[in-house]
Structure formats: C-alpha cells, structure tokens
Protein chains: 2
Amino acid sequence: MKVTINDVAKLAGVSMKTVSRVINKEPSVRKKTYDLVMSAVNELNYQPNIAARNLAGTSSFAIGLVYDNPNAYYVIDMQNGVLSRCKDEGYELVIHPCSYLDDNMQDEFKTMIKRSRLAGLVLTPPLSEQQSIIDMLDELGVQYVRLLSGRESDISERNNCILVNDFAAAYEITEHLISLGHKRIAFVLGDKEHKSTSERLAGYHQALQDHHIESSDDLLYEGSYSFESGVNGAKELLKNGNPNKITAILGGNDEVAAGALFAARLMNIDIPSELSITGFEDSPFSRQTWPKLTTAHQANDVISEHAARLLFSKARGSRKQDKDIKTTFTPSIVIRESTGPAK
Amino acid sequence: MKVTINDVAKLAGVSMKTVSRVINKEPSVRKKTYDLVMSAVNELNYQPNIAARNLAGTSSFAIGLVYDNPNAYYVIDMQNGVLSRCKDEGYELVIHPCSYLDDNMQDEFKTMIKRSRLAGLVLTPPLSEQQSIIDMLDELGVQYVRLLSGRESDISERNNCILVNDFAAAYEITEHLISLGHKRIAFVLGDKEHKSTSERLAGYHQALQDHHIESSDDLLYEGSYSFESGVNGAKELLKNGNPNKITAILGGNDEVAAGALFAARLMNIDIPSELSITGFEDSPFSRQTWPKLTTAHQANDVISEHAARLLFSKARGSRKQDKDIKTTFTPSIVIRESTGPAK
DNA sequence: TAGATAATTGACAGCGTTGTCATTCTGGCA
DNA sequence: TGCCAGAATGACAACGCTGTCAATTATCTA
C-alpha cells in the first residue's frame, strides 16, 4: 500500500540514503544513479513522508504565515502567493492568524512555533512591524521574512524583508489628483500604528510640497483601515470647517475609499464631479464600488510569493541572493472613474 | 533546550507511555498520576512534537481544508472557523485551494493527501458536491466532512455532512419581498453546477407557489456567483421584455446583489423605491453597498467550526454524535435598506 | 480472605526519514 | 602500474512519539 524510501531503494538497487540524496537534490550523486532512482520513484509513485522528514531532519517541511489583518482580500492574496510557492517546493503551509493586541498571543505563538518546528515564517504587517515579535523570533532562532511598508533606503536589515513602497504609491496618487487641478486634498488615514499609514502620509506630503501646495492638519482624519472609518472620516471632513473646499479624498486603502464613497452618497455629493476619491491596493473592492475606484495596484499575491521565495532561499542557506527574488515593490496607479477634474 | 516526553517522564517519575496517555487524554490514568504528570508538563513547559506524533501515531495531527471558491470573505470565514477548532484540539490546518475544473487537480490532491497523511478533510462547496472527489476519498480511506447546501431530508449519509438550508433562506427572502407587495420577482442565479443555486431556486419557487404567484423563466438569469454576473444579469433582466414589471431581484449571493445594485445605478434606477434587491450570506459586502443589502445571514465561521467539530468527533471514532454539534444551519433574513414596498 | 477481574502502568519495538561517519569507487598523476 | 585524493555510496543510529502487549496493582465477589 504505502511506498517507503526502502521500497524505492530496493527497486533501484541502491541504499536508502542514496534515495534520500536524490529526493533532496543533494550534490555528489552520479547522473546515472540519479536517473536510476528517479525512475524507481516514478514507477512506485513514491511520496516522501512529511512527518518522517520533519522528525529526522533538522528543520521541518512547513513554513508559517502569520497575519493579523481583518481584510479578507488581503489575507487571501497573501496566502495564495505563499501557497503557490510552497507547492512548488513541497512544503506545507501553516496558517496562523493572531491578534497583536492580545497579551496571550506571544506565548501562544511561541508554543505554536515550538510544536511545529517550522522552517520559517512569513510575517505580514502590522505584525511584521512589531519589534517584540522580531526579538522573540531571533531569540528562538527561527527564520523569517518580513513584509514591510517602506523605501529601499530606510531598512537596514534588507536581507529578510520585502518592501512595498507606499510612499511612492501615495506620491503618485496625490500627483494624479494635483494634475487634475485639485488643491484641497484630504486624507483619511489608516491605523496610525501601521507603517503603511505613515509612509502613505509622507508620500502625500511630499507630493504636495513638490507642487507647492500647502498641507494642513484639518485635511487629515486619523482613522483605521476599515469601511466604517472611511464613512466617518469622509463625513467629518466634508462637514467640518470648509466643506466646499475639499475636492478630493485619499482613502487609506480601498475599503476606506469605499466607505468615503458611501458617505458621499449619504450627503448627496456626486463622485467624481463634485469630489474625487482614491484608494490603495486595488483589491476587488475597487472594482465593485460605484463609481470604480482610482487606486494604486499592489499585487499582494506576487509580493507574498516573493516573500516565500526569499524565505526558502534563506532556509537553504544560500549566501548570495537569488536573482529571481524581487525585494521591493512599488504599486502603480490605476485610474478609474472615482477621480476627475477639480471643479 | 528542547523538552521531550522522556524529560517529563523522568521528572514525574512515571514511564514515557504514561505521559503519552496523559497528553492524549486516554482513559485509565489515575487522577493522582494525571496530576503528577501534568505538573511536570507545566513545570518543563513541555510541547509534544507534532512531527513525532504524526510519524508514530496512526493518524496525523493535521486536518485539511479544501476549497475552490473565489470568494475571499467566504474562504476566510471558513478558514477561521476551522482554525479555531484546530487550535483547541492542538491540530494543524493544511490549506488546500484547488480548482475542480483542473484535470490535474485530482492527482495533485491525492499526492497531497498521501504526503501529509491528514487526519481528515473539510470540504467546502462546490468541491464537496463532486462525486468523484468523494469516491476518491472513500477509496483512500480518508475521513472527511462535507459542507453542503441542502435540507435535512434529502441527504442520506447524514453523519459526515453539515447542511446549510438554502431552500429555507430563499423561501424567507422571497416571502419578505412578497409581503412588500412584489409580484414580478427576478432571480440572478449563481453557478448552475452549485447545489446552492438549485436549492435557492427551489425555495424561491416554493414561496411564489405558496403565495399563488406564477413564476416565469424570463424572470431567471443563469449567471455565476460573481459581481460581474450580477451586473450583467440585472442589465439583462431590466432591459429585456417587460422591464417595468420587474420590481425585485434576488441576487444569487451578496456579490451578485452588489453587482445588480451597480447595474441599477448605471441605469438610473433607484433602490429601493424603484427596485428591491436582495443577497445571500450576509458577507461584509452586504453592509458596504449603497444602500445596504437585505440578505440572509449565514455564519460561515460557525458553520465551518462545526464541520471541524464533526470531523474531530469522527476521527476520534466516537459512535454517538456529539451533542454540541449542530449539523443543520438555516440562514435567517436580515432586512436592510435595499428592499422596500413595490411601487 | 482467597481468587478473580478490572484498572493502571511500563518495556520495547517501530514509524520513515536524515545525519554521521565509514567504506568503496573513480580518475589523475607519478 | 601503483598510489592517492576526492567523489560517490552505504550502514546504522537517531529523531520523539505511539501501539502492542505484558506486568503490576487495585477492586470486587463469594
């Protein structure tokens, strides 16, 4: 019934260990031997037993994806990206959602890691930004790759980070609005603990400054990355102070932008003739609102796939960086119907 | 550094096997011994090694979640539900997305199962409806629980199914519309291969019949469970034949309903004064459209958690059904702003 | 209280790999 | 041809747990 490495060895007329070498692509196996073993593997349709490999080997054949993000689209994309890489490498993926606000989390997390002896971890924001987590992982000696919002320049330990340049994305979006004649551009910010929030804000500020438009704090709403926050932020921004002056709103992400759109509807403000709204990320969301959102495309599945690549490359202990691995991603603007000329 | 079962045994002054019994909650361990072992476990902060358990034991400490569903909200909910149960039971979750249209899928699937020797599988629709998959699993002797759309009566092998009564949900939604005075109620159906589609259609028909409203094929649009399908379906239904007569549209699910809403906007049709629209599932979607959707609430996380419960209970080989496990779920209507009196 | 039955515990051999280290080839060079 | 370094292979002991079955202890019955 179940085929073991011994069966393959017997059929190929070599030792167990040689089969092991072949399936692990270890060097110093003669081509002839390699082919011999492989044909036995195929003939018997041999599948190495993961549990045994995990037990016997120094590291396991599974990596973990750790996230604390309520956005379903985001998580799924991340997951699929990592998963596709895992499949290619013959690894398993262990999913670990965890709330970084939860005090027990760190313990539980530690337990999880000890139990499953993962080969490595992919950390997504905002968890990837938590120094306490990083410290713990370093202490435990666990490999990890962090997905971070940032620019190439400002991260020191580049070799285990994948960067998303939210600064550039925000700059581009803001510039797009400016080119449409907007001057009073508001921003409904995401959670302020998230690095992406400050990066996007910085990009926005830089664009304004470069175009000699003065920024003002009453154009900012400190919200969170949620639909509701978008609703509330837009309501607040549009009612307060100089309602008529604001001609464009940057949503912290697509959900926020969708919320802003919702609020505009409530207030009978037409989009885009009276107000332009933009998002970030280009989640399916942005194509399902009315009107469709101008946003910055961020291929989360591709990004996470590269994170997994990097992790495997590190796990293999290859010193030199794999050329196929891209470690910096810059979202690019997608112009749809939610933005138009300033009136 | 790493604590093994032997360390615990030594500290507790019992044999390895007794520790094993304790951590596996096997019967016939004296209370005193149990406490002794447990305190040793706690003192050493012992974590059983999953790989070793998997290798030594007859079945592994991991279950799989298999899905083929493009809906991120759906998948995430399912995943979280199963995950929360896994955590309680000390199991790992292996995620396995797979396209049921793909010919290689079945092979790949088989490989995956052989590799990881999962304790069981949770199958979500539409995969759970594929007879070929079921046959394969039976042949392989793999435990599984199916999530299915259906009524209690019509499933024979009840003991490994969790049912969602889409019939009742559709009936209730349709009745709601009828009570608002609607007579020409259209339905943008989901993928016709999905059981949920036929169940919802049947519930709709039954409600119409019970209220002596005649149904007609030109009130039906055969689409799929996507936003685009909702857009196209609504366009088609509202332009064709008797455009003015249709006063309500049932969306096959929330995405479809959101699409229909989008189409209505395009056609300058006001919701709900000119047209009522409803969804299914009560995904976050339904609260983020304008206006918010009347829909049927379906707690996918709770449902999948129960699926996992059932799976574990079966894996444990308990003959009698665990009383805590609910195997039938009936979504209940949530009335929001997308439905109103027929004009 | 003896004897029998049931409950509890332990010894030990795997589970299917990989790591270590010893052994056997191979080809190159004197 | 003979010798040697280095490449290729193999033998065997882990890895940390659970299953099996035997040994021990507690409990019950007459």
Side-chain angles (χ1 to χ4, degrees), chain A residues 1-38 40-41 44-62 90-92 114-117 119 315-317, chain B residues 1-38 40-41 44-62 90-92 114-117 119 315-317:
Chain A
M1 179 61 211
K2 73 187 74 159
V3 183
T4 76
I5 200 170
N6 260 309
D7 303 323
V8 178
K10 220 162 287 169
L11 179 60
V14 298
S15 78
M16 209 164 71
K17 182 66 215 187
T18 299
V19 177
S20 171
R21 288 197 178 91
V22 169
I23 61 177
N24 287 295
K25 297 195 176 49
E26 282 174 34
S28 64
V29 172
R30 205 161 309 178
K31 177 76 169 64
K32 210 173 106 190
T33 317
Y34 180 91
D35 292 340
L36 205 61
V37 171
M38 279 314 283
V41 164
L44 297 175
N45 188 20
Y46 166 66
Q47 293 301 332
N49 178 307
I50 292 195
R53 299 229 260 183
N54 288 346
L55 183 56
T58 34
S59 94
S60 83
F61 280 74
Y91 274 58
E92 287 187 339
K114 283 164 103 178
R115 283 203 168 202
S116 26
R117 289 247 213 82
R316 262 187 232 102
Chain B
M1 179 61 207
K2 72 188 77 160
V3 184
T4 75
I5 199 170
N6 261 312
D7 302 325
V8 177
K10 220 162 283 169
L11 179 60
V14 299
S15 78
M16 211 165 70
K17 181 67 214 188
T18 298
V19 177
S20 170
R21 288 196 178 92
V22 170
I23 61 176
N24 287 296
K25 298 198 176 44
E26 281 174 36
S28 64
V29 173
R30 205 163 309 178
K31 177 79 169 66
K32 210 174 103 191
T33 317
Y34 180 91
D35 293 340
L36 205 60
V37 171
M38 280 313 285
V41 165
L44 298 176
N45 188 22
Y46 167 66
Q47 293 301 332
N49 177 305
I50 292 197
R53 295 173 99 179
N54 287 345
L55 184 57
T58 34
S59 93
S60 83
F61 279 74
Y91 274 58
E92 287 186 339
K114 282 163 105 180
R115 283 203 168 201
S116 26
R117 288 247 212 84
R316 264 187 229 102

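Just so it is clear: chains get the letters A, B, ... in the order the sequence lines come, proteins before strands, and each one is counted from 1.
- The CG atom of B/Asn45 sits 5.5 Å away from atom CD of B/Gln47, with the distance rounded to the nearest 0.5 Å.
- Distance NZ (A/Lys10) to P (C/dT17): 13 Å, rounded to an integer number of Å.
- Atom-to-atom, NZ of B/Lys31 to P of C/dT8 comes out at 13 Å; the value is rounded to the nearest Å.
- For the atom pair CG (B/Leu44) and OG1 (B/Thr4), the distance works out to 9.5 Å, reported to the nearest 0.5 Å.
- Here the CG-CG distance, from B/Asn49 to B/Asn54, works out to 8.5 Å after rounding to the nearest 0.5 Å.
- The nearest pair of heavy atoms linking A/Val29 to A/Glu26 is CG2-O, 4.0 Å.
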Q. Do A/Asn24 and A/Arg53 pass the side chain to side chain contact (heavy atoms under 4.5 Å, CB included) test, and can you show the C-alpha distance, the side-chain angles, and the key distance before you say yes or no?
A. CA-CA 11 Å; A/Asn24 287 295; A/Arg53 299 229 260 183; 3.0 Å; yes
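- Atom CG in A/Leu44 sits about 15 Å away from atom C1' in C/dG16, given to the nearest Å.
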Q: For each nucleotide in nucleotides 9-16 of chain D, reading 5' to 3', give B when a protein heavy atom comes within less than 4.0 Å of its base, S when such contact involves only the sugar-phosphate, and - otherwise.
A: BBBBB-BB
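- For A/Ser20 and C/dT18, the shortest distance from a side-chain N or O to OP1 or OP2 is below 4.0 Å.
- Counting to the nearest Å, the P atom of C/dG16 and the CZ atom of A/Phe61 are 17 Å from each other.
- C/dG19 atom C1' lies 9 Å from atom CD of A/Glu26, rounded to whole Å.
- Using a 4.0 Å heavy-atom distance criterion, A/Asn24 is classed as a sugar-phosphate-only contact.
- Residues that satisfy the side-chain contact (heavy atoms from CB on, under 4.5 Å) test with B/Ile5, not counting sequence neighbours, are B/Met16, B/Val19, B/Ser20, B/Tyr46.
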